[in-house]
Amino acid sequence: PLKMNVNLSRRLFDQTDLVSQIADILQQLNLPGRYLQLEITESMIMRDVEAALNLMMELKSLGIQLAIDDFGTGYSSLSYLHRFPTDTLKIDRSFVSSMENSAEDHDIVETIISLGQKLSMKLVAEGIDSEEQLRLLKIAGCHYGQGYLFSRPFAAADATL
């Protein structure tokens, strides 16, 4: 089954009625929460860890899946990562784009993948632009990828069946 991933902006993340808004939308669309994954950036979560944790738990109660977007670029503490009810880690494109030419970035990507695997999370590499990046990510055990290698952005009308 297809799942819709939606980036959650800082403005939306800070709205006090976000959970009820999403619940209403899911109900109007008759859409089970499991078909929605919200992507929340690492930096938004770390601004107020306890508030973010509470919000994430409320969203999870709707059956929604959660992803930490741009992982590795913020200032998260590994001691918090296991507390978040997160399904997916999205590896930031800045590491993926330079992993072919930078041993350090390659090692960072492998470390993030290993961490995600240990925490039973799905892993998505962002910004895959070359076959070599894809090959290295597969070897490291990354589950999913996105980037220009697969498709450039296109209009919504072109995505309909």
Side-chain angles (χ1 to χ4, degrees), residues 1-97 108-109 111-129 137 141-161:
L2 291 177
K3 177 176 48 179
M4 175 67 70
N5 283 33
V6 177
N7 287 306
L8 200 57
S9 71
R10 180 178 303 268
R11 187 174 59 82
L12 285 174
F13 189 74
D14 290 340
Q15 289 184 358
T16 56
D17 64 341
L18 175 65
V19 175
S20 62
Q21 285 183 53
I22 292 173
D24 289 345
I25 292 168
L26 291 173
Q27 185 177 0
Q28 288 172 15
L29 297 173
N30 195 29
L31 183 71
R34 69 179 177 272
Y35 295 116
L36 176 63
Q37 178 163 277
L38 296 177
E39 299 181 11
I40 306 167
T41 63
E42 181 181 14
S43 61
M44 287 190 326
I45 293 170
M46 295 310 295
R47 270 186 322 144
D48 183 344
V49 172
E50 292 306 317
L53 181 59
N54 291 334
L55 176 62
M56 292 168 83
M57 295 298 277
E58 288 184 60
L59 291 167
K60 289 296 287 182
S61 74
L62 298 175
I64 294 169
Q65 295 186 15
L66 299 173
I68 296 180
D69 198 10
D70 300 334
F71 187 77
T73 61
Y75 47 91
S76 68
S77 168
L78 295 180
S79 65
Y80 288 119
L81 187 59
H82 74 280
R83 291 180 55 201
F84 296 129
T86 309
D87 303 286
T88 304
L89 280 182
K90 295 189 74 179
I91 305 164
D92 189 71
R93 69 183 312 107
S94 63
F95 300 117
V96 174
S97 65
I108 288 171
V109 169
T111 301
I112 294 170
I113 290 170
S114 178
L115 176 65
Q117 289 170 339
K118 297 270 187 216
L119 295 173
S120 301
M121 294 179 180
K122 295 179 198 120
L123 296 149
V124 178
E126 298 178 302
I128 302 173
D129 295 331
L137 289 160
C142 189
H143 304 123
Y144 302 98
Q146 64 185 63
Y148 289 160
L149 179 65
F150 306 111
S151 177
R152 295 227 176 237
F154 50 86
D158 295 334
T160 59
L161 299 174

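Source: prediction; values computed, not measured. Counting from 1, the numbers follow the sequence of the chain as shown.
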Please tabulate, for the side chains in residues 17-24, all donor-acceptor contacts under 3.5 angstrom to protein atoms that are two or more places apart in sequence or on a different chain.
residue	atom	partner	partner atom	Å
D17	OD1	Q21	NE2	2.7
D17	OD2	Q21	NE2	3.3
S20	OG	D17	O	2.9
Q21	NE2	Q15	OE1	2.6

Determine, step by step, whether I91 and V124 satisfy the side chain to side chain contact (heavy atoms under 4.5 Å, CB included) criterion, reporting the C-alpha distance in whole Å, the side-chain angles of both residues, the deciding distance to 0.1 Å, and the verdict.
CA-CA 6 Å; I91 305 164; V124 178; over 6 Å; no

Could you check whether D70 pairs with R93 (Lys NZ or Arg NE/NH1/NH2 to Asp/Glu carboxylate O, under 4.0 Å)? no

Can you confirm whether T88 sits close enough to L66 that some side-chain heavy atom of one is under 4.5 Å from a side-chain heavy atom of the other?
no

- Message: Donor-acceptor pair, distance only, cut-off 3.5 Å: does the side chain of S61 make one with the backbone of E58?
- Response: yes

- Item | Side-chain heavy atoms of T86 within contact of M121, under 4.5 Å | yes

| Is any side-chain heavy atom of R47 closer than 4.5 Å to a side-chain heavy atom of I45? | no

Lys/Arg-Asp/Glu bridge criterion (N-O < 4.0 Å) met for E50, R83 | yes

Sequence neighbours excluded, the answer for side-chain contact (heavy atoms from CB on, under 4.5 Å) partners of Q27 is none

(request) Decide yes or no for H82 and K118: does some side-chain heavy atom of the first lie under 4.5 Å from some side-chain heavy atom of the second? (result) no

4.5 Å side-chain heavy-atom contact, Q117 and L123
yes

dist Q146:CD -> E126:CD (nearest 0.5 Å) comes out at 5.0 Å

- prompt: Step by step, would you call L53 with F84 a side chain to side chain contact (heavy atoms under 4.5 Å, CB included)?
  reply: CA-CA 6 Å; L53 181 59; F84 296 129; 4.0 Å; yes

When you compare the side chain of L119 with that of L81, does any pair of heavy atoms fall below 4.5 Å?
yes

Heavy-atom nearest pair, S97 first then S94, reads OG-O, 3.4 Å

Closest non-hydrogen atoms of C142 and A125, given as atom of the first, atom of the second and distance, are SG-N, 3.7 Å

inquiry  = Is the terminal nitrogen or CZ of R10 (NZ for Lys, CZ for Arg) located under 6.0 angstrom from the six-membered ring centre of F13 and within 45° of that ring's axis?
reply    = no

Between the OH atom in Y144 and the CG atom in N5, the distance rounded to the nearest 0.5 Å is 10.5 Å

Could you go step by step and tell me if K3 and Q65 meet the side chain to side chain contact (heavy atoms under 4.5 Å, CB included) rule?
CA-CA 10 Å; K3 177 176 48 179; Q65 295 186 15; 3.1 Å; yes

Side-chain heavy atoms of L38 within contact of M56, under 4.5 Å:
no

Rounding to 0.5 Å, atoms CZ (R34) and CG (L62) come to a distance of 13.5 Å

Value for CG (L89) from CG (D69), rounded to nearest 0.5 Å, stands at 10.5 Å

Validation row: K90, E39 side chains within 4.5 angstrom (heavy atoms) = yes

So CZ of F95 and CZ of F71: to nearest 0.5 Å the spacing works out to 9.0 Å

When rounded to the nearest 0.5 Å, the distance separating CG of N7 from OG1 of T41 is 9.0 Å

Practice item. Please report the C-alpha distance between D92 and V96 in whole Å, then the side-chain angles of each, then the deciding distance to 0.1 Å, and finally whether the side chain to side chain contact (heavy atoms under 4.5 Å, CB included) criterion is met. Key: CA-CA 7 Å; D92 189 71; V96 174; over 6 Å; no

